[in-house]
Amino acid sequence: MKINKEIRRLSRGMLRASFTDGELDPGRIASLVDSLIARKPRHHIEVLKNYRRLLRLELEKRRARVETASEADSAIRSELVANLKKKYGSDLTTEFVVNPQLLGGMRIRVGSDVWDGTVRNRLERLEQQL
Amino acid sequence: MSGMGPSAIGSNVSSNNSNQIKIMSSILEEIETKIEELKTSTIKSNVGVVRETGDGVARIEGLSDVMLNEMIEFPNGVFGLALNLEETEVGAILLGETTKVSEGDEVKTTGRLLSVPVGKALLGRVVNTLGQPLDDKGAIKSETFYPLEKIAPGVIKRRSVNQPVQTGIMAIDAMIPIGRGQRELIIGDRATGKTTIAIDTIISQARLNKAAEDQGDKNYRPLYCIYVAIGQKNSNVARTLAVLEKEGALPYTTIISAPASDTATNQYLAPFAGAAMGEWFMDNGMDALIVYDDLSKHAVAYRQVSLVLKRPSGREAYPGDVFYLHSRLLERAARMNEQFGGGSVTALPIIETQAGDVSAYIPTNVISITDGQIYLETDLFYQGIRPAISVGLSVSRVGSAAQIKAIKQVAGKVKLDLAQFRELAAFAQFGSDLDAATRARLDRGQRIVELFKQKQYNPIPVEEQVAVMWAMQNGYTDPVPVERVKEYQVKLQDWLETRKEGLLRAIREKKELDKDLESQLKATLDEFKATWR
C-alpha cells in the first residue's frame, strides 16, 4: 500500500486522539472512526487502514504473551500478571499459551521485548556457542 | 633426581596429587556455578516480525530497541543489517541466503556491528565480503575482527604523505607520483587499462617486498595489498588472480570478491570490508594499499539497495548520501603520525566513465574526494600509447612530497616538456619548416612518449627509471631514431641489470644523484653508446 504524507498525518492524529489518560479508549476510537466515515475526506479508506495498523501495533505493545511448556498454576499466573502490570502499566492484557516445544521454562513477550528462560532457547544458545 | 631417596619422591607425588585435587575441585565448582547461572539466566532481547521481504531486503515490525547499522538475526542463521529506522518499521538488508527468510519470521537484535576477520592470515587468500574464504585453502585463522564501518582517523593522528608508493610504471612515478596514505583515482573508459595499472602496482609492491625480505632489509616497510573486486565478472577476477599468482604477488595480497552474481548488499559492503582489513595493517604500524575496482559499480549496487529500501532518490536515481558513501570510505585512507605507529592505508579507487565523460555524477564526486587522478584515454590507447595516461588531465596533489630525490632530479620538467610537446605537435602538423628550438622540443617529446610506453605486468624498478630518464635528459636518446627508442631503452635496462648492478644499487640506496653518481652514469652511458647499433 502506498502511503502519502496526508494519510500518515491524519491517521497519526487519529491515533493520538484515541487515548484518555494514557490508555486506549474504545469509545473514542469508535467515534473517531464514525466521524471519519461520515466526513469521507480524501483517501479515507487508506487512512482507516493505516489507523487500524497503528492501533494494532499499539495494542501489541500492551499485550503480554506468556508461553510455558506445561500449564502454569494460578498462583504463578496472578503473580506474573501483577508484576507485568507494575512494569508496563495497568492496561496490559496477558495471554497464557502452552507450547510443549519449549521443553521447559517460560518465555514472556511484551511488545518487542522478550524474556526467554526456556530450555529450548538455552540449548540453541549452547549450540551457537559450540 | 638420582640423589633423591624414595621417600622424597613419595612426598613429591603426594603434593602433586593434592594440588591436582585442589584444581579439579575448583574446576568442578566453576562448572557448578555456570550451571546455576544457566538455570536462572533469562536473556532479555528485542524482537520483531518480518512483514515483507524481497529483493534482498526485509521490512520488520517491532524491534523497538534496534540501533542503526546493528546486525539482526533471522531464523536459520541468516543475518541482516538494520539500515532504515522508521516510525513503525525497520528496513533491513539481508546478508547471505535471502530465500530462507519469510513473512512472519521472528527477528532478534544482537547488539553487534558487522565485522570481518583481519590480520596477516588473510594474505594470499580470496575471500567474500564477510571474510569467508572462496579459495580452497581452508579456514582463515584470524582471531581479530574489525567492524566494517569505522570513523576515519582524525587530524591529530595523521601526518602528511612522505613515503612513496613505487608503482613501477614510469609515467606515473615520474609525473603523477603516489605517496603512502594518498587516495589516487584511476579513471577512464572501459578497456583503457585501469585495472592493469592497479595490478602492475600490486606486482611492483610484491617484488619490492620480496627483494627486501631476501636481503633482510629491516628499514624497508613492506606494502601489503588488498584488491576489492566489486560487481565484476567472475572470469575477470579469476584472470586477475591467475596473474597475481603467476607474478608471485599473491603472498602479499588479499582479494575480496563481490562479483556481479553476488547480492547488491554484498557488493555495497565489499569496499568497507577491504577498508577494515587495511586498517588493521595501519593500526599495527604497517602499510597497506587498497584497490577498489570499481566504485561506479559500487554506487550502482548502493543505488539498488537504497531504492528497494524506498529511500528518496536524487540525481540519476542515486540516493542523497552517495557522496557521503564514497567520502567516508576514502577518508579511511590515511598516513598515521609516528606517535600512532606510523602506518598507512593508500587507496586506489577506480571509476569507469561513459564515453570519456568525467562530468557525470559519480566521477565528479570521486574526483573531488581524492588527492588526484590518473586519467586514461581511449584515443591514446588505440594509438599504442600504453599506459594511455593523459598527461594534461592527470594530477597528483600530494604525491610529489613523497617522491625520492633522484626521480625529482631527472623528472622535474618531464610533465612540462610533454605538455609543450602536445601543444606543438598539433601545430606542427601544418608546417614543415620549423625553427631548431621547436624541432628539438618535438624530438624530445616524441622520445619521452616512447620511453613512457610500457608493457603490462612489467613494473620497472625505480633505479632503472632514474638511469633511463637521466639518459633522456642528457641527450643520449636524441641520436636514436624514434621508432628504436623503446629498443634502446630495453637494451639499456638489460645492460645495466647484467653489468652495472653496483651503480643501480648505489642509486637505490642513496636515493639521490650526486656528482659522483652522475659521472658514473655518464661513463656507463658512454660505454653503452659504443655497443649500441
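Since this is a predicted model, take the numbers as computed values, not measurements. Sequence lines set the chain letters: A, B, ... in the order given, protein chains first and strands last, and positions in each chain run from 1. Worth knowing before you read on, the calculation uses all heavy atoms, side chains too, and leaves out hydrogens, waters and symmetry mates.
In this structure, A/Arg53 CZ and B/Glu61 CD are separated by 4.5 Å, a value rounded to the nearest 0.5 Å. Taken from CD in B/Glu87 to CZ in A/Arg8, the straight-line distance is 7.5 Å, to the nearest 0.5 Å. Atom CG of A/Asp116 sits about 7.0 Å away from atom NZ of B/Lys108, to the nearest 0.5 Å.
A/Asp113 is listed as a side-chain neighbour of B/Lys44, based on a closest heavy-atom distance under 4.5 Å. Here the side chains of B/Thr88 and A/Leu54 are in contact, with some heavy-atom distance below 4.5 Å.
Heavy-atom neighbours of A/Lys87 NZ from other residues, nucleotides or ligands within 6.0 Å: at or below the threshold of 12. Counting heavy atoms of neighbouring residues, nucleotides and ligands inside a 6.0 Å radius, atom CG of B/Leu68 exceeds 12 of them. Annotation: A/Glu79, atom CD; neighbour count of heavy atoms from other residues, nucleotides and ligands within 6.0 Å does not exceed 12. More than 12 heavy atoms of other residues, nucleotides or ligands sit less than 6.0 Å from atom CD1 of B/Ile27. Residue B/Tyr324 places its OH atom among 12 or fewer non-hydrogen atoms of other residues, nucleotides or ligands, all under 6.0 Å distant. The number of heavy atoms from other shown groups lying within 6.0 Å of CZ (A/Arg28) is above 12.
Between chain A and the residues B/Ser45, B/Gly77, B/Gly62, the most heavy-atom pairs under 4.5 angstrom are made by B/Ser45.
In summary, A/Arg107 and B/Glu106 engage in a salt bridge, as defined by a charged side-chain N under 4.0 Å from a carboxylate O.
Of the possible donor and acceptor atoms, one in the side chain of A/Ser112 sits under 3.5 Å from a partner among the backbone N and O of B/Ser64.
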